[in-house]
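Since the structure is predicted, the reported quantities are computational estimates derived from the model, not experimental observations.
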Amino acid sequence: NLYYSPEDRSPAENLQYGLFVGRLNALLRDAMPEPTVALYYPIYDLWAEYRPVAGPLRLASQSDRSQRIAGSYFRLGQSLQRRQIPFVLTDHEFLTQGTVTAEGRLRIGNVALSALLLPLDVELPAEAERVVQEWQAAGGKVIRDSLERPITTKDVCAAVAPELTIDPAEDHVVLGRFSRDGHTIVVLVNVGTSEWNGRIHAPWSGTCHVLDPHAAKRETRPVERDGLPLALPPRQTRILVH
């Protein structure tokens with residue numbers, strides 16, 4: 001959505017905006033997001049810790065445990081985002097609906113998880129804990145944040161072991177992964193002010209289509225053994241289709 005008045009931009013700029021969004025929709029509207037990592041949403045723990053206060057609710061007015069949980073939760077989410085690891089949020093109720101697959105993944109609805117990150121100090125309800133332990137015994141990665149070994153941007157990739165990575169790492173590159181009609185679609189956006197040059201490492205072979213939704217250009221490139229080379233100018237988007 002465009003949260004501005006149409007008069008804020010010239011007709012030519014509005015046209016370019018509409019074409020850009022239309023090209024994204026043409027590929028992604030019927031696609032399914034495909035995250036394999038979940039970040040636990042600690043609402044169950046925060047219910048128990050909630051302290052009613054007069055006036056606006058601020059974290060500083062809540063318990064030390066609430067502040068530790070919230071700080072860990074935001075740090076984990078930022079670390080995943082900054083290392084191009086698409087993730088989904090899940091709470092205790094969704095975890096209880098999970099089933100362990102033969103491949104050792106936790107399936108919740110349309111999502112098949114390979115890893116779950118738990119913020120500091122959270123305590124899963126008994127039924128959710130049972131599902132998580134069963135999944136962990138089958139090979140699922142259950143990563144618990146701790147004061148002794150906090151999960152940060154520096155080590156989140158080692159903890160999660162994502163299938164898709166970029167080299168060199170860059171905080172300002174955002175990655176989304178989708179599937180549609182048997183194809184994997186990866187959206188890369190450079191939200192920074194400097195060009196990124198590097199390689200995409202993925203479990204692919206053969207060729208890959210590289211699309212520029214701004215310029216409406218497409219090219220087909222071979223996937224090399226050491227990854228797919230890519231240049232991503234500032235404030236630009238590229239779509240990879242394999």
Side-chain angles (χ1 to χ4, degrees), residues 1 3 33-100 105-162 169-177 189 191-192:
N1 294 291
Y3 296 102
E34 202 172 54
T36 60
V37 175
L39 173 60
Y40 182 67
Y41 185 68
I43 189 64
Y44 179 83
D45 301 88
L46 296 179
W47 282 340
E49 291 292 314
Y50 173 61
R51 292 179 177 178
V53 293
L57 176 63
R58 295 185 174 88
L59 188 58
S61 68
Q62 299 302 295
S63 69
D64 290 343
R65 179 171 177 248
S66 290
Q67 296 183 46
R68 289 194 300 271
I69 291 173
S72 172
Y73 171 78
F74 285 115
R75 172 168 40 80
L76 292 173
Q78 287 178 340
S79 297
L80 291 167
Q81 187 77 18
R82 290 172 177 172
R83 284 301 171 264
Q84 297 75 48
I85 303 174
F87 65 96
V88 66
L89 300 180
T90 185
D91 62 10
H92 58 289
E93 294 182 352
F94 277 106
L95 284 177
T96 60
Q97 301 171 25
T99 56
V100 180
R105 298 211 169 193
L106 184 66
R107 178 165 292 282
I108 305 175
N110 292 323
V111 174
L113 300 175
S114 63
L116 170 68
L117 274 71
L118 297 171
L120 183 69
D121 274 2
V122 299
E123 297 177 2
L124 297 177
E127 185 59 23
E129 182 68 35
R130 181 193 64 77
V131 172
V132 168
Q133 289 185 1
E134 178 187 351
W135 176 41
Q136 192 171 13
K141 298 185 188 75
V142 179
I143 302 143
R144 299 176 186 267
D145 196 24
S146 67
L147 288 173
E148 296 76 20
R149 297 188 63 183
I151 303 297
T152 65
T153 302
K154 183 185 298 185
D155 49 26
V156 69
C157 279
V160 172
E170 171 54 60
D171 289 0
H172 295 101
V173 173
V174 183
L175 184 149
R177 179 174 177 170
V189 183
V191 301

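- At least one side-chain heavy atom of R75 sits under 4.5 Å from a side-chain heavy atom of P150.
- Salt bridge annotation for D45-R65: present, with a cationic side-chain nitrogen under 4.0 angstrom from a carboxylate oxygen.
- With sequence neighbours excluded, the residues forming a side chain to side chain donor-acceptor pair (under 3.5 Å) with S63 are E49, S66, listed by chain and number.
- Looking at every heavy atom in both residues, P35 comes nearest to V111 through O-CG1, 3.6 Å.
- Residues in residues 82-92 take part in these salt bridge (charged side-chain N to carboxylate O under 4.0 Å, His left out) pairs, two or more places apart or across chains: R83-D171.
- Evaluation of the ring pair (Phe, Tyr, Trp, His ring centres under 6.0 Å) test over residues 46-70, restricted to residues two or more places apart or in two chains, returns W47-H92.
- Taking the side chain as every heavy atom from C-beta outward, L175 and P86 approach each other to under 4.5 Å.
- Applying the side chain to side chain donor-acceptor pair (under 3.5 Å) rule to E127 yields the partners R130; only residues at least two apart in sequence or on another chain are considered.
- Atoms CG and CD1, on D145 and I69 in that order, are 11.0 Å from each other to the nearest 0.5 Å.
- In this structure, L113 and V88 have side chains that are in contact, with non-hydrogen atoms separated by less than 4.5 Å.
- Between E129 and Q133, the side chains place a donor N or O and an acceptor N or O closer than 3.5 Å (distance only, hydrogens not considered).
- Taking every heavy atom of both residues into account, A161 and K141 meet most closely at CB-CE, 4.0 Å.
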Stepwise side-chain contact (heavy atoms from CB on, under 4.5 Å) test for Y44 and E93: CA-CA 9 Å; Y44 179 83; E93 294 182 352; over 6 Å; no
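- The minimum heavy-atom distance between C157 and P162, with the atom names listed, is O-CD, 3.5 Å.
- Side-chain contact between Y40 and L95: present, with at least one pair of heavy atoms (C-beta onward) separated by less than 4.5 Å.
- Residues satisfying the side-chain contact (heavy atoms from CB on, under 4.5 Å) criterion with Q136, sequence neighbours excluded, are V142.
- In terms of the side-chain contact (heavy atoms from CB on, under 4.5 Å) criterion, residue partners of V100 (sequence neighbours excluded) are, by chain and number, L106, E134, W135, A138.
- Considering only residues two or more places apart in sequence or on other chains, Q84 meets the side chain to side chain donor-acceptor pair (under 3.5 Å) condition with none of them.
- Between I151 and D155, some side-chain heavy-atom pair lies under the 4.5 Å cut-off.
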In residues 114-126, what donor-acceptor pairs under 3.5 Å come from side-chain atoms, sequence neighbours left out?
from	atom 1	to	atom 2	distance (Å)
S114	OG	T36	O	3.2
D121	OD2	R68	NE	2.6
D121	OD2	R68	NH2	2.8

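- Applying the ring pair (Phe, Tyr, Trp, His ring centres under 6.0 Å) test to every pair with at least one member in residues 59-80, sequence neighbours left out, gives these pairs: Y41-Y73.
- Counting heavy atoms from C-beta on, the side chains of L80 and V160 come closer than 4.5 Å.
- Annotation: side-chain contact (heavy atoms from CB on, under 4.5 Å) contacts of A112 (sequence neighbours excluded): R105, R107.
- With sequence neighbours excluded, no residue forms a side chain to side chain donor-acceptor pair (under 3.5 Å) with Q67.
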With a cut-off of 3.5 Å and sequence neighbours excluded, list every side-chain donor-acceptor pair involving residues 51-59.
none

